[in-house]
2 protein chains.
Amino acid sequence: MTDKRDILHGTPLMAGLAEPLVDELLAICQQRRLRDGEYIYRQGEEGDAMYGVLEGKIRLSNTTREGRELLVMLVERGDWIGEVSLFDGAARSQDAYALGDTEVLRIGKEQLDTLLEARPELYRYFVPMLCRKLRLALSYVEATALYPLSARLARRLLDLHQQSADSELHFPQEDLAKMLAVSRQALSRELKRLEAAGAVAVSYGKLRILNVDLLCSEAVAG
Amino acid sequence: MTDKRDILHGTPLMAGLAEPLVDELLAICQQRRLRDGEYIYRQGEEGDAMYGVLEGKIRLSNTTREGRELLVMLVERGDWIGEVSLFDGAARSQDAYALGDTEVLRIGKEQLDTLLEARPELYRYFVPMLCRKLRLALSYVEATALYPLSARLARRLLDLHQQSADSELHFPQEDLAKMLAVSRQALSRELKRLEAAGAVAVSYGKLRILNVDLLCSEAVAG
DNA sequence: GCGAGTCTGTCATCGAGGTGACAATTGCCA
DNA sequence: TGGCAATTGTCACCTCGATGACAGACTCGC
């Protein structure tokens with residue numbers, strides 16, 4: 001229970017939420033356990049709830065009819081997803097599914113609406129969260145449109161490095177490729193380049209950031 | 001003055017704002033006239049105000065050191081920009097400059113903060129606005145990553161068609177190319193294709209949407 | 001310790017779209 | 001009306017990254 005509490009007013013979103021509000025939020029949360037690969041929602045569905053990650057990871061992705069996939073975001077402990085559909089009433093814009101066994105908090109639309117009605121001051125705590133996501137999305141738009149793979153990779157590595165506050169990134173190159181929407185082969189080539197330059201160390205199923213400054217200079221090289 | 005009033009609680013954002021709040025917002029707005037090409041702010045600067053368009057257009061764009069430009073958004077009457085930097089305190093993520101003679105409302109950071117302090121219920125009206133921008137940005141990320149130029153163009157034309165509620169789009173192909181971050185030549189070729197198919201009519205400095213259904217089918221074609 | 005499945009490195013081939021160049025067209029203004 | 005700048009159409013050439021194929025490396029479970 002202190003667990004849930006930490007999630008709610010720790011980490012990025014809802015930071016600084018007043019204690020009584022945390023309680024009221026906790027009161028409308030249901031805890032749910034998901035098995036690896038289990039879907040939370042799918043693109044195009046109605047949005048009936050938002051979810052916060054307690055433990056494990058959630059993949060947010062878009063997939064084309066032909067099966068090409070874009071990994072929009074790896075959602076980790078303390079992040080919330082699905083709130084946009086609750087606010088604007090429009091359909092889910094991505095698929096969301098668990099990566100490994102995962103524990104989430106679920107807040108249903110009705111309960112949230114009721115709480116927001118009673119406590120409109122809660123709205124303000126969603127603002128920083130939306131701003132953060134908007135900035136992230138805009139930076140992806142910019143990077144994809146204007147910079148070559150080498151720079152985009154460096155940027156993304158820096159993002160991931162900062163986000164997880166860990167120099168070890170644990171996922172296959174395939175996933176990183178899907179984040180950048182490039183082929184695994186092209187990604188592998190770029191990683192080798194970065195490794196040769198001493199910026200990262202690549203090994204089976206993970207990679208380590210060695211030199212942040214080097215990555216920064218790669219990130220701006222045109 | 002009724003003018004400003006209409007902008008504030010008309011069009012997409014802050015719709016449904018209660019009358020007294022509109023008054024208080026109007027009270028902290030300064031009206032400003034901009035000449036063609038005049039910059040409102042530049043990428044990397046501190047954000048000290050947000051702006052709403054009364055008349056004319058604002059271009060939001062990212063530019064690389066080498067001069068390649070991405071036209072993130074054409075901001076029109078009733079839209080607001082620059083609010084994200086006020087909320088999160090981080091730097092401007094795009095350049096913003098007037099396209100033609102333009103009239104804007106400016107709300108300074110201090111005044112907004114004061115008003116938000118006094119009237120925290122105002123926060124909730126920013127939420128739909130942020131959601132809308134986030135969805136738009138995510139749809140661009142998705143489209144750029146997963147779909148070929150032909151589909152992205154069709155989607156963008158549909159977006160612009162809906163946004164301006166006008167079947168005539170008045171800007172050179174060069175601008176449309178910068179929105180999609182492709183070369184003018186490639187865009188021209190695609191437009192010719194669409195014209196041959198009867199979806200649009202292309203002429204000097206403008207184009208007309210003729211067949212929305214046709215564009216829709218282009219938009220999903222892999 | 002062995003085999004199956006996963007992950008990584010590398011190659012040849014191909015296509016979408018960038019680049020540079022140039023002609024044709026249109027609008028605008030003197 | 002004539003000239004100039006902006007816009008558009010089109011072409012040849014090139015580059016980046018996709019694709020498909022395959023071999024080697026690593027893990028994990030039996």
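Bear in mind that the values here come from a model prediction, so they are computed numbers and not experimental data. Every chain is numbered from 1 and lettered A, B, ... according to where its sequence line falls, protein lines coming before strand lines. Only this structure's heavy atoms are used, side chains among them; waters, hydrogens and symmetry mates stay out.
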Hey, what are the protein-to-nucleotides 9-19 of chain D N/O distances that come in under 3.5 Å?
| residue | atom | partner | partner atom | Å |
| --- | --- | --- | --- | --- |
| D:dG9 | OP1 | B:K192 | NZ | 3.0 |
| D:dG9 | OP2 | B:Q173 | NE2 | 3.0 |
| D:dG9 | OP2 | B:S188 | OG | 3.0 |
| D:dG9 | N7 | B:R184 | NH1 | 3.2 |
| D:dG9 | O6 | B:R184 | NH2 | 3.0 |
| D:dG17 | OP1 | A:L149 | N | 3.0 |
| D:dA18 | OP1 | A:S183 | N | 3.1 |
| D:dA18 | OP2 | A:S183 | N | 3.1 |
| D:dA18 | OP2 | A:S183 | OG | 2.7 |

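- The two residues A:G198 and A:L210 have their closest heavy-atom pair at O-CB, 3.6 Å.
- In this structure, the side chain of B:R184 does not engage the main chain of B:P172 through any donor-acceptor pair within 3.5 Å.
- Distance check: B:S85 OG to B:E46 CD gives 8.0 Å after rounding to the nearest 0.5 Å.
- Remark: A:R68 is not positioned above the aromatic ring of B:Y147, lacking an NZ or CZ atom under 6.0 angstrom from the ring centre and at most 45 degrees off the axis.
- Helix bend of the helix from C:dG1-D:dC30 to C:dA30-D:dT1: the angle between its two end axes, each built from five pairs, comes to 40° after rounding to 10°.
- Environment of CD in A:Q162: sparse, with no more than 12 heavy atoms of neighbouring residues, nucleotides or ligands closer than 6.0 Å.
- Contact record, A:V200 with A:L157: CG1-CD1, 4.1 Å, taken as the closest heavy-atom pair.
- Considering all non-hydrogen atoms of both residues, B:L86 and B:K109 come closest at O-NZ, 3.2 Å.
- Of all the heavy atoms in B:E190 and B:S150, the pair that sits closest is OE1-CB, 3.4 Å.
- Below 30°, between 30° and 60°, or above 60°: for A:Y41 and A:Y51 the angle between ring planes is between 30° and 60°, a tilted geometry.
- Along DNA chain C, the stretch of nucleotides lying under 4.0 Å from any heavy atom of chain B spans, 5' to 3', C:dG17 to C:dG27.
- Taking the centre and axis of the six-membered ring of B:Y140, the NZ or CZ atom of B:R156 falls inside the cone set by 45° and 6.0 Å.
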